[in-house]
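One structure below.
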Number of protein chains: 2
Amino acid sequence: MLHTARTAFQADADKGQVLPVDTILVGDCVSHMNALPAGSVDLIFADPPYNLQLEQGLTRPDQSRVDAVDDDWDKFESFAHYDVFTRAWLTAARRVLKPDGAIWVIGSYHNIFRVGSALQDLDYWLLNDIVWRKANPMPNFRGTRFTNAHETLIWAARGQRSRVTFNYEAMKLANDETQMRSDWLFPICTGAERLKDGNDEKVHPTQKPEALLFRILNATTRPGDVVLDPFFGTGTTGAVAKKLGRHFIGIEREDAYVAAALKRIAAIKPGAREAVAVTTPKRKETKVPFGSLIEQGLIAPGTQLFDAQKRFSAMVRADGSLVSGPHQGSIHKVGALVQGAESCNGWMFWHHDLDGRIVPIDEMRSSIRAQLDLLSA
Amino acid sequence: MLHTARTAFQADADKGQVLPVDTILVGDCVSHMNALPAGSVDLIFADPPYNLQLEQGLTRPDQSRVDAVDDDWDKFESFAHYDVFTRAWLTAARRVLKPDGAIWVIGSYHNIFRVGSALQDLDYWLLNDIVWRKANPMPNFRGTRFTNAHETLIWAARGQRSRVTFNYEAMKLANDETQMRSDWLFPICTGAERLKDGNDEKVHPTQKPEALLFRILNATTRPGDVVLDPFFGTGTTGAVAKKLGRHFIGIEREDAYVAAALKRIAAIKPGAREAVAVTTPKRKETKVPFGSLIEQGLIAPGTQLFDAQKRFSAMVRADGSLVSGPHQGSIHKVGALVQGAESCNGWMFWHHDLDGRIVPIDEMRSSIRAQLDLLSA
DNA sequence: CCTGTCTTTGAATCTCCCG
DNA sequence: TCGGGAGATTCAAAGACAG
């Protein structure tokens, strides 16, 4: 009994995938995930229900907390039940992930320790725990605890050897040139972004801010990737995916949420290709071997290179190798050998004299690379 | 085979307790805790092994080696072994706690989910999870993940009905008259506070800053309370307890740590609280990186920016980078590149059109900063 | 004595491609 | 699947030291 609510938007539909992409699947997330092809999804973002214990306590008719929560068996039953639920959906999620896929799960102290343990037990590989620091948390009205001012996210790979997507350069330059840390500051979802129903009441109790998903998708997906959200709610994941030129698959049980999400996502203009392109990482740049600098006449055989402090020097040979005393080999190997280091990036280590300016040979590589990129464009 | 290393200091000895107070017990913490009277301790602070599972050495980009935690006490065969260890000491700990007692445990994503789940399973009652944001964390040298910039603490009561100590007013006072939040900012332990041996090497690989223990003991104990630390290490808990007029019981297996802790604590004058000013880090100006303007919807991907004279333009991409012709990178880098300058303050260089008015993007930063500061005040 | 520069270091599950 | 080599990668704080 699996329903599908298709959104008007379906970007890149000619991709020919069998995946029900840019779509909301209505019903239980485990059943729906098990119906999807294995190894087909790049990223999962999940905002699962928090611990059942709280709901149970609140819905008791007599409100007597005394027998309810103090009994060992009750508590054990409750956590055990939550664990069964958690392991079920995490198992189904792992099946649909590509080998190099990854998952994000958000939670609070009520449930995040169960989730984290389950991830580890199911052979996911934890990459980071991330703290969402709320700029405007709800105060602790009774003054009995610290203000609960954060939620925790876990970022985990499908397995230990998964080579997950991480747009390191993009994160770094968006953070004013220093590495993005594990503590993120965002306001909670309020104002115009918060979905309201006809009675001006919030549609969903825990709608997440788009800024949070924006950072997550920017950091750990590429344009065109498929992002699955098994607890879709009012569709924040889908909304941000559409804005960023990613595909989404939402799964949600509640019809009211599905309706709100469909309306919300339909109103969004998909992101333009150039605007959502990801900064090219160094590792993916056009490869320029050292020998081509010599071949193209940028550096003459016999030229002396040295390190920034001029402690070491080496001579360039016509075949693209370096010689320094007894050492010979690639720019990297000789750089490592003269320092007695395990390894060395010769492009940054070796310098030459350019009109009196001491510059790393990497500058010559950059100019050749720019030339090559221009030609191939 | 339980040894005791008594410190010279023993405050309030006339209290007539059978507890071995202001003392370090040398040996296994479970055995020692089981030898203590049940229901006798007000608070436990525990910094257990994190089970880091490091596989290979790590070098910084300058080829220097990172001094990793490779001690035997941090090695466990599997999560199952770690869980057995965790449940054993948490069970013993719960027995020695007074009915209204509480526990603090600190950890990282490697172990904290195991600890949190165990606490819940053993009928502790979670009160808060607290994030220690490190002012100066170690960077991620390989550029493969987010900088691991925090550790997590769990504060839990012995049971759901425990009426634990929480000095709400003191915390509020210490936090400029607003409730103390669940995210705390402290530098890591370095400099004069970090204990060094004869070879000028650190005595303990993971010594915690005293400021952290100051806040914990100030928040959740009263003067004269007994604080037990089953993984005493070099005795930060004991040192701070003595300064704050609390009693401590330390348990530690390694003789070298015990010796260092004894010497350290002996040198402290009890209760001389003013003498050791707690570093309450002043709130720095809220950092607003360029990427957050996009994440928070103040500037749309695809927007064109230009300089004041409109000689250059660039497009904002969703990942926080700018593109201008062949150049891509941060607002600062692209600003410098288009001008052929060495450097550039992108915040002042790049402008956008705000209702016909040409304003530097720095104005948006100012407004978002004001908003965030308002929210968090 | 102050100021600026250089050096050191910290709980870390820290690469990728090709043959 | 494994081994070897190319080549990519760091931030804040404190101390040492020079001027």
ring-ring contact (aromatic ring centres under 6.0 Å, His included) between B:His150 and A:Trp132, intermediate numbers included: CA-CA 12 Å; B:His150 74 275; A:Trp132 167 29; over 10 Å; no
Verdict with supporting geometry, B:Asp62 and B:Arg60, salt bridge (charged side-chain N to carboxylate O under 4.0 Å, His left out): CA-CA 5 Å; B:Asp62 65 3; B:Arg60 298 187 182 79; 5.4 Å; no
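Remark: A:Arg133 fails to qualify as a cation-pi partner of A:Trp184 under the 6.0 Å distance and 45° angle criteria applied to the six-membered ring.
The distance from atom NZ of A:Lys282 to atom P of D:dA8 is 7 Å, rounded to the nearest whole Å. Taking atom CG of B:Asp74 as the reference point, atom C1' of C:dA11 lies 8 Å away to the nearest angstrom. The separation between B:Arg145 atom CZ and D:dT10 atom P is 16 Å, rounded to whole Å. In this structure, A:Asp176 places its CG atom 16 Å from C1' of D:dA12, rounding to the nearest Å. In this structure, B:His110 atom NE2 and C:dC14 atom C1' are separated by 11 Å, rounded to whole Å. As a whole-Å value, the separation of B:Phe146 CZ from C:dA12 P is 18 Å. As rounded to whole Å, 11 Å separates atom C1' of D:dG7 from atom CE of A:Met348. Rounded to an integer number of Å, the gap from B:Asn140 CG to C:dG10 P is 17 Å.
If you check every strand for non-hydrogen atoms under 4.0 Å, A:Lys333 touches nothing. Across all strands shown, B:Asn148 has heavy atoms under 4.0 Å from sugar-phosphate atoms exclusively, and none from any base. Nucleic acid contact class of A:Cys344 (heavy atoms, under 4.0 Å, all strands): base. Residue A:Pro281 is out of contact with every strand shown, counting any heavy-atom pair closer than 4.0 Å. At the heavy-atom level, B:Pro209 lies nowhere under 4.0 Å from the strands shown.
Residue B:Ala68 has its side chain nearest to C:dA12 when only D:dG7, D:dT10, C:dA12 are considered. Distance from the side chain of B:Arg60 is smallest for D:dT10 among the nucleotides D:dG15, C:dA12, D:dT10. The B:Gln56 side chain lies nearest to C:dC14 when the options are C:dA11, D:dA8, C:dC14. For B:Thr206, counting side-chain heavy atoms from C-beta on, the closest listed nucleotide (C:dA11, C:dG10, D:dA8) is C:dA11. Here the nucleotide nearest the side chain of B:Arg142, chosen from D:dT10, C:dT15, C:dA11, is C:dT15. Side-chain atoms of B:Ser64 lie closest to C:dT9 of the nucleotides C:dG10, C:dT9, D:dA6. Listed nucleotides: C:dA11, C:dC14, D:dA8. Nearest to the side chain of B:Lys208: C:dA11.
Ring-centre distance between A:Phe306 and A:Phe312: not below the 6.0 Å cut-off. Residues A:His352 and A:Trp347 place their aromatic rings such that the two centres sit no closer than 6.0 Å. Here the two rings, on B:Tyr257 and B:His204, have centers that are under 6.0 Å apart. Ring to ring, B:Phe146 and A:Trp155 are close: their centroids are under 6.0 angstrom apart.
Residues A:Asn167 and B:Asp319 have side chains not in contact (no heavy-atom distance under 4.5 Å, counting atoms from C-beta outward).
Remark: A:His332 is not in phosphate contact with D:dA6, judged by side-chain N or O atoms under 4.0 Å from OP1 or OP2. Neither OP1 nor OP2 of C:dA11 sits under 4.0 Å from any side-chain N or O of B:Gln53. Taking 4.0 angstrom as the limit, B:Lys202 places a side-chain polar atom (N or O) nearer than this to OP1 or OP2 of C:dG10. Of the side-chain N and O atoms in B:Asn136, none sit less than 4.0 angstrom from OP1 or OP2 of C:dG10. Between A:Arg283 and C:dC16, a side-chain N or O to OP1/OP2 separation shorter than 4.0 Å is absent. Residue A:Ser330 has a polar side-chain atom (N or O) positioned under 4.0 Å from OP1 or OP2 of D:dA6.
Looking at A:Tyr168 and A:Gln179, their side chains do bring a donor and an acceptor atom within 3.5 Å of each other. With no hydrogens or angles considered, a side-chain donor-acceptor pair links B:Arg142 and B:Thr59 at under 3.5 Å.
Ion pairing of B:Asp47 with B:Lys208 is present here, as a side-chain N (NZ or NE/NH1/NH2) and a carboxylate O approach within less than 4.0 Å. Remark: A:Arg158 does not engage A:Asp123 in a salt bridge, criterion side-chain N to carboxylate O under 4.0 Å.
Using C1' as the reference atom, C:dC1 and D:dG19 are 12 Å apart when rounded to the nearest Å. Separation of the C1' atoms belonging to C:dG10 and D:dT10 is 12 Å when rounded to the nearest angstrom. For D:dG15 and C:dA11, the C1' atoms lie 23 Å apart once the distance is rounded to whole Å.
Comparing B:Gly57 and B:Asp62, the nucleotide of DNA chain C nearest to each residue sits closer to the 5' end for B:Asp62. Position along DNA chain D of the nearest nucleotide to A:Ser343 versus B:Gly191 favours A:Ser343 as the more 5'-ward residue.
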Strand DNA chain D in bracket notation, Watson-Crick/G-U under 3.5 Å with | for pairs to another chain: .|||||....|||||||||
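Less than 4.0 Å separates DNA chain D from at least one heavy atom of each of the following residues of residues 158-172 of chain A: A:Tyr168, A:Glu169, A:Lys172. For the contact set between residues 124-133 of chain A and DNA chain C, defined by any heavy atom under 4.0 Å, the members are A:Trp125, A:Leu126.
The backbone N or O of B:Ser330 lies less than 3.5 Å from no partner atom in the side chain of A:Glu177, so there is not a single donor-acceptor pair. In terms of modelled atom types and a separation under 3.5 Å, the side chain of B:Thr152 and the main chain of B:Ser108 share no donor-acceptor contact. Side-chain atoms of B:His110 never come within 3.5 Å of backbone atoms of B:Tyr50 as a donor-acceptor pair (strictly under, hydrogens ignored).
With hydrogens and angles ignored, no donor-acceptor pair closer than 3.5 Å exists between the side chain of A:Arg365 and the base of D:dG7.
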